[in-house]
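Letters A, B, ... are given to chains in the order of the sequence lines, protein chains preceding strands, and every chain is numbered from 1. What's counted below: heavy atoms across the whole structure, side chains too, no hydrogens, waters or symmetry copies.
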Amino acid sequence: MPRVVYVQPNGVELAADLPSGQNLMLGALANDVHGILGECGGQMMCGTCHVQVDPAWIAQLDKPSDEENETLEAVAFGRTPASRLSCQLLARVPLDGLRVAVAPRQV
Amino acid sequence: MVDTANKCPFAYYDAVRRHGAPVWEEKTGAWVVADFDAAKRVLLDRDAFLPIAPAEAVPDQKYVRIFGEKHPSALLGAEHAEHHKWWLKHLSPKLIAGWRTGLILDVVDEIIGRIAPRGRAELVDEFAGPVPIRVIAGVLGLPWDDDAWMEELRHHLDVIDQFKDISYVGSQDSSMADQALDATYAADELLRPYLEAGRSVESESVLSQIWRDPSLSHWTDEQLYCLVRGFFGGGAETTRSALSNGLYLALTRPGLRDELQAGGERAMAAFVEETMRLFGTVHYRTRRVAHDLELDGVELKAGAMIASIMAAGDRDPERFERPDEVDLGRANGRQHLAFGIGVAACAGAGLARAELTVGMSRILERLPDIALDPDAEQPQLLGFGFRVMRPIHVTFSPGA
C-alpha cells in the first residue's frame, strides 16, 4: 500500500498506508489526520480538504481540473501554487512517500 | 439500543463504548458500536458496511415510496456520487451564503416576530419547528409565508417522519407505515401545482431543474416528487431538532451566553459544532455487513446489521477531551460525526449550520433576557433515531 505523509496543522507528521486508488481525503479521515474535513465527500464542492503538496512532488501529479481549480480559488486559507484538494489526489504506488501539508484552516 | 427510545441514552452509550467492541443486541437485531473510531469506520467503509436501502427497511415494498426508490441510501458507487453531487449543487456554499442573509434571516425574524410580543413561548413548536421547514420551502420556491399551506404540509411530513424514525431497527408497525404512505400522497398533492409549474416553465429553480437535469432524465415523475419531498425529509425535522437542542444548551449551560456574546461570529460557529457534537439530531445509522470481517476483535458475519451510534462516538473521551462539556475552543470541534462522514456525508450540512447560526444568534439578540420557564414542564431528550430536547418553555420581556 502506498504511503502518504500528512503534515498536520500543528506540525506533527502522520504517515498512513492507504489502499492504492484511495483518495487522500478519505485516507485522512480514516487515519484521523487532524484538519481534513472533507465535508462534501469528495465532490470538489466545499474546499475543506485543502492541502499543500510538498514541492518535490508537485511535478509528479496530474494538474487540477477546471472544477478543482474553481474550488481552490475559494478555499478558506488561501490558495498557493502547491494547493490541491486532497479528494482529487489518489494514493498510487509511483507516489509512495507523497508528502502533503494540511492547510491550517479549512473554513 | 431500542430500549433507549424517549429516554436519555447517554449512560447506555457510555456502557457500550466502555465495552470496547461491537455488542450484539438481540432486541435491536443489530451489532452496536459506540466508540468514535468504530462508529466512524462503519460510516466510512462503504465496501464493508453497506447502506440499507429503503426496500430493506419497510414491512412491504409498497412502502418504499415513503423514502423514495432513489433515496441516496439506495444508491451506490458512481450512481451515488453523481446524485450526491446533484444535492450539493443545489445546496452549494454560494447559495447558502445568499440564503443566510436573505431567506433564512427573513424566516427567522418572521417567526421571532410572532412570539416576541407574548413574553413566553414553547421554542420547539413555535420557533425551531417552523424555521427549517419554511427555509426548505423557500429554497424550493414554495409559499413559506402561507401559514395554512405550511401547516398542512408540516402535518403530512410529521406523519412520514414518525414512521421513518422507527423504521430501521426494532419492530415495524404497518399501521404507522400506512399512515406515512397516505401522507406521501397528500404531501404530493400539495406540492403538485408548484412542481407542474416548474415542469412548464424553464428557470434556474430546483423545481424547474428537476425536469431538465440530464442526470435525472431517467427518473419517473413519482421519483422526482419523492426527490422534492427529500428536501424536507433531510432538512426539516433534522434541523428542527438540532436548533431546539442548541437553544436548550444556550439556555442551560452556565456562562455560555456571555461567552457567545463576547466571542462573536467565531464563538457562534464553534457553538453550532458543539451543539451538533453533543446533541446532534441523528443518533445512529445502520449498515449491513457486506462480507465476513473482524471489527475490534469481533467476527461479524455477512448480512448482519450494525448500528453506528454517532452520538456516542461524538462523546468519546478518547476523541474529545471533557466530552460532555461545551468547549468553544476545541481544536477538533468540527471533526464530529453528527452529519455523517465521507462520501455520504450530509449534503445539507451547510444549510443546517447556517440555520442554526442565524436562528440561535437572532433569538439571543432579540430576546436578550430569554430564560427557561421554571414553572413549566422541563425539557427531556425525546425520540429515538432523531432526538430532540422538548418542550422548551421560555419567558422573556415582551418586545417587537
- Among A344(B), A331(B), G350(B), single out the residue with the greatest number of heavy-atom pairs under 4.5 Å to chain A. A331(B)
- For each of G340(B), S92(B), P93(B), G342(B), tally heavy-atom pairs with chain A at distances under 4.5 Å, and name the one with the top tally.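 Of the candidates given, the most pairs with chain A belong to G342(B).
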- Examine whether an atom of M25(A) lies under 4.5 Å from a heavy atom of chain B, and if so say whether it belongs to the side chain, the backbone or both; otherwise answer neither.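 Interface part for M25(A): neither.
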- Query: Stepwise, does the side chain to side chain contact (heavy atoms under 4.5 Å, CB included) test hold for Q335(B) with D32(A)?
  - Reply: CA-CA 9 Å; Q335(B) 291 184 282; D32(A) 283 335; over 6 Å; no
Using heavy-atom distances under 4.5 Å, tell me whether [X] contacts chain A through its side chain, its backbone, both, or neither.
X	result
K85(B)	both
L44(B)	side chain
F36(B)	side chain
R334(B)	both
D37(B)	side chain

- Look only at the side chain of Q43(A) and the backbone of A81(B), and say whether a donor-acceptor pair between them is shorter than 3.5 Å.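 Yes; at least one donor-acceptor contact below 3.5 Å.
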- Query: Does the K89(B) side chain pair with the main chain of M45(A), one donor and one acceptor, at a distance under 3.5 Å?
  - Reply: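 Here the side-chain-to-backbone pair does not exist.
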- Message: Looking at chain B, which one of G42(A), G38(A), C40(A) has the largest number of heavy-atom pairs inside 4.5 Å, strictly under?
- Response: C40(A)
- Message: Heavy-atom count check: over 12 atoms from other residues, nucleotides or ligands less than 6.0 Å from N10(A) CG?
- Response: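 Check passes, neighbour count above 12.
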- Task: Decide if atom CZ of R322(B) counts as having more than 12 heavy atoms of other residues, nucleotides or ligands within a radius under 6.0 Å.
- Result: yes
